[in-house]
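Labels below follow one simple rule: chain letters A, B, ... track the order of the sequence lines, proteins then strands, and each chain is numbered from 1.
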2 protein chains.
Amino acid sequence: MSNKNIGIKDVATAAGVSVTTVSHVLNEVAYARISPETRDKVRSAAEQLGYGPNRLAQALRTQRTGMLGLVSEDIATTPHAGRIILGAEEAAKARGYNLMIINTSGSASLESRRDDVEALLERRVDGILYATMYHRIVELPANLGSVPSVLVDSVAAGGNITAVIPDEEGGARTAVQALLAAGHRRIGFLNNTDDVPATRQRLHAFRTTLAEAGLDGGAAPVESEVSEVHGGYEAARRILSRDDRPTALFCYNDRMAMGAYRAAGELGLSIPADLSVVGFDDQELIAANLHPGLTTVALPHYEMGAWATEHLIDAVEGKTDLSLMALHPTILGCPLVTRDSIAAPLQ
Amino acid sequence: MSNKNIGIKDVATAAGVSVTTVSHVLNEVAYARISPETRDKVRSAAEQLGYGPNRLAQALRTQRTGMLGLVSEDIATTPHAGRIILGAEEAAKARGYNLMIINTSGSASLESRRDDVEALLERRVDGILYATMYHRIVELPANLGSVPSVLVDSVAAGGNITAVIPDEEGGARTAVQALLAAGHRRIGFLNNTDDVPATRQRLHAFRTTLAEAGLDGGAAPVESEVSEVHGGYEAARRILSRDDRPTALFCYNDRMAMGAYRAAGELGLSIPADLSVVGFDDQELIAANLHPGLTTVALPHYEMGAWATEHLIDAVEGKTDLSLMALHPTILGCPLVTRDSIAAPLQ
DNA sequence: ATGAAAGCGCTAACAT
DNA sequence: ATGTTAGCGCTTTCAT
C-alpha cells in the first residue's frame with residue numbers, strides 16, 4: 001500500500017544510492033547504465049517502503065499530467081453519456097491516462113462552459129474530450145483550443161475541431177433494409193420533430209433506401225412527433241389508421257417505438273405478426289424489455305468515447321496531427337441489434 | 001483565455017512587483033498588507049496576460065490537490081451510477097473541487113480494485129468516493145484507508161468506513177402505505193431472488209407495514225423471481241392467478257413492475273382500475289413511459305452522491321471526523337413518485 | 001508594505 | 001555505472 005510520505009529520496013537513502021539512480025531504475029530509463037544488483041536494491045527498497053510516485057511532482061517536472069479532461073453534457077440524464085464515459089475511461093486506462101470529469105449543462109451559457117474548460121486547463125490536463133448528449137451542432141468555448149481536443153457526438157459550429165459522430169444515414173438505411181429484407185413493401189417512418197441532424201439524415205436515408213429498392217420513397221408515409229413515448233404513440237395511431245396501413249414501421253428512436261407498441265396493441269395489431277417495428281438507439285432498458293424484444297439500431301456511444309480518447313492520446317503524444325482530421329468528422333457505424341420485432345408481412 | 005505559458009513570475013515582472021506580492025494578492029492572503037494600487041496593478045497584469053494558476057504547482061506546494069477520486073462500479077451499466085456521479089460532481093464543483101473518475105468492475109478482483117485506488121493515490125487526491133452499482137456489502141481494498149473515504153450505496157464488509165445507503169425499509173413502507181391509503185387490503189409483493197439487503201429489508205417492511213395496518217402480513221402473498229422484466233412477468237402471472245387475487249402489487253423494482261404490466265394486460269386486467277401497481281427505483285425511462293405512468297419509490301442516488309461528497313470534503317478540510325460517522329451508515333430517504341398506477345380497489 | 005529564498009517531489013542534463 | 005544539481009510554478013517563512 002503506497003505511503004504518501006515516502007519519496008524518491010527515502011528510497012535512495014534506504015538503497016544507499018542517489019535519487020538519480022532511483023529515478024532511473026523506477027522509470028526504466030533507456031539510456032541508464034545501472035548494474036542489476038543496484039536495480040534490485042532500489043526496487044526492493046521501494047517495495048519495502050511502500051513507495052508510490054507522486055504524479056503531481058512528475059507532472060510539474062515533465063509538463064505531462066497523464067490526465068484527460070472530459071466535459072460531458074448532462075451526465076446521466078441519459079444512459080448515453082455513461083456509455084461515452086465508459087468508452088473513454090477504458091481507452092484512457094489502457095494507455096495509462098486518467099479522466100477528470102466535469103459536468104456541464106447543454107443549455108449552459110458559453111461563458112460557464114468556458115469556465116468548465118478553464119478548470120481543466122488549470123489542472124494542466126493533456127487534452128480534452130468534449131461530449132454532448134445528442135448529435136448536433138455545438139458552439140464551443142474558444143479556450144478548448146488551448147490543448148488538443150476532440151468533440152464526441154457532435155460537430156462544432158465553426159468546424160476546425162476533430163469530431164466523431166454516428167452514421168445516422170447508414171443506421172437508418174440498415175434499419176429500413178432489415179424491413180425490406182423481411183419482405184415489407186409498405187413501410188412507414190415515425191420521425192422526430194426536432195431540427196437536428198438525425199431527423200433530417202434518417203428521413204433522407206429512409207426515402208432513398210426505399211427508392212433504391214424500387215419503391216416510391218417520396219410517397220412513403222411519415223408522421224412526426226416529439227421523440228418520446230407519447231409522441232411515438234400519437235404518430236403510430238395516425239400512421240396505422242391510413243387506408244394503406246403500413247406493414248412495418250421504422251421509428252426515430254426506441255422511445256417512439258415503445259409508443260408504437262402501445263398503439264399497435266390498442267388497434268389489435270400483434271407485433272411482429274401484423275406489424276414489424278424497428279427502432280433506433282438501442283436503449284437497453286426499453287429495447288430489450290419490450291415484448292417482443294425490439295430490433296433496433298445501436299448508437300456507437302462507447303465506440304465514439306473510445307475512438308475520441310485513442311486519437312486524443314495519439315495527438316498528445318505527437319503520433320497524430322488532429323488538425324488533419326478536423327476537416328471532416330469521423331463517422332462511426334450504427335449496427336443492427338436483432339431481437340424479435342421483425343417478421344415477414346402477412347399476405 | 002488562460003495561457004499555459006504564463007506564470008506568476010511573468011505577472012510579477014509585468015506588474016513590477018515580486019512573486020510574493022502576486023501570490024498574496026491573487027490568493028487574497030488574509031495577513032498580507034498590500035496597497036490597493038499594487039493590488040490593482042497585479043490584477044490587471046494577470047488579466048492582461050491571461051494568467052491562470054498552475055494547480056499542479058499549487059498542489060505540490062500546499063499538499064492539497066482539490067481533487068477527489070471517484071471509483072465507480074460499472075459506470076453506465078445502469079443510469080444509477082450516472083446519478084451518483086452527477087450528485088458528486090455538482091457538490092464537488094460547488095466547493096471548488098474536481099472529480100477524477102475511475103471505472104471498476106463490480107466483479108473485479110480485490111487486487112485490481114486496489115490498483116484503481118492506487119492510481120488515485122498517486123495523483124494525490126484529497127479523498128476518495130467509492131460507489132457501487134447497487135446496495136450491498138462490499139469488500140474494500142485496504143489502501144482506501146490512506147485518505148479520507150466514503151462509501152456510496154453500500155456498506156463495507158469490515159464496517160469502519162463512512163457509508164451512505166438508501167432507506168430500503170422506509171421506501172418499501174412508503175410504497176405499501178400508498179396502496180393501503182388507496183383502500184387496498186389484498187396486496188401482493190413481487191420480490192427479487194438475490195440475497196441482497198434490499199430483498200430482505202423490503203420484504204420485512206412489506207410484512208410489518210401490512211401488520212401495522214391490521215392485516216395479516218405474514219400471510220400476504222409474495223412471489224420471487226429475478227428482478228428483471230421477465231421475472232416480474234412470471235411472478236405476476238402466478239400471483240394474479242390465485243383465487244384471492246390481490247388488488248394491488250408492490251414490485252421490487254420498476255423492471256419487475258413492467259413485467260407485471262404485461263401480465264395484467266394479458267389477463268385482461270386494467271391498471272389502475274382492476275389492479276394498482278407500485279414500483280421501486282424510479283428508472284425514468286420505464287416508470288415515466290409505461291402506460292399508465294408508474295407510481296414508484298425513488299432511490300436517492302443523486303442525494304447519496306452529494307451527501308458523500310459534502311462530508312468527504314468536510315473531512316478533508318478538517319471540519320468533520322469521518323471515523324465518528326463510520327459506526328453506522330447514514331440512511332437517506334426514498335420518496336414516493338406519484339404517477340397514475342394506483343387507484344382505489346373496485347368493490 | 002513588499003521582497004528573497006527555501007522547498008514541495010520529481011526528472012534530466014551534466015558531471016565524474 | 002552512478003552522483004550533483006538546476007528547475008518545473010508555486011506558497012510561505014522570514015527579512016527588510
Residue whose nearest DNA chain C nucleotide is more 5′ - Ile34(B) or Leu60(B)
Ile34(B)

Give the C-alpha distance, both sets of side-chain angles, the deciding distance and a yes or no for side-chain hydrogen bond (donor to acceptor under 3.5 Å, both in side chains) between Ser18(B) and Thr21(B).
CA-CA 5 Å; Ser18(B) 74; Thr21(B) 303; 3.2 Å; yes

To the nearest Å, how far apart are Leu26(A) CG and dT11(C) P?
8 Å

What's the CG-P distance between Asp40(A) and dT2(D), to the nearest Å?
12 Å

Between Asp314(B) and Arg95(B), does at least one N-O distance fall below 4.0 Å, as a salt bridge requires?
yes

Go along nucleotides 11-16 of chain D 5' to 3' and tag each nucleotide: B for a protein heavy atom under 4.0 Å from its base, S when only backbone or sugar atoms are that close, - otherwise.
BBB---

Given atom NZ of Lys41(A) and atom C1' of dA1(D), what is their separation to the nearest angstrom?
11 Å

Ring pair (Phe, Tyr, Trp, His ring centres under 6.0 Å) partners for His135(A), two or more places apart:
none

What is the distance, to the nearest angstrom, from the CZ atom on Arg123(A) to the C1' atom on dG9(D)?
15 Å

Would you mind reading off the distance between Arg33(A) atom CZ and dG3(D) atom P, rounded to a whole angstrom?
16 Å

Does Thr21(A) make a side-chain N or O approach to OP1 or OP2 of dG3(D) shorter than 4.0 Å?
yes

Between the OG atom in Ser23(B) and the NZ atom in Lys9(B), the distance rounded to the nearest 0.5 Å is 14.0 Å

Nearest to side-chain heavy atoms of Lys9(A), which nucleotide of dT2(C), dC8(C), dA1(D):
dC8(C)

Per nearest nucleotide of DNA chain D, the residue lying toward the 5' end, Leu56(B) or Gly16(A), is Gly16(A)

Keeping the roles fixed (side chain from Asp126(B), backbone from Gly66(B)), state whether a donor-acceptor pair exists under 3.5 Å.
yes

For the backbone of Leu322(B) and the side chain of Thr162(B), can you confirm whether one donor and one acceptor N or O come within less than 3.5 Å of each other?
yes

So which of Arg55(A), Arg124(A), Arg123(A) actually passes side-chain contact (heavy atoms from CB on, under 4.5 Å) with Met67(A)?
Arg123(A)

What's the closest nucleotide to the side chain of Gln63(A) if the choices are dC8(D), dT4(D), dC10(C)?
dC8(D)

From CG of Asn5(A) across to P of dC8(C) the rounded distance in Å is 13 Å

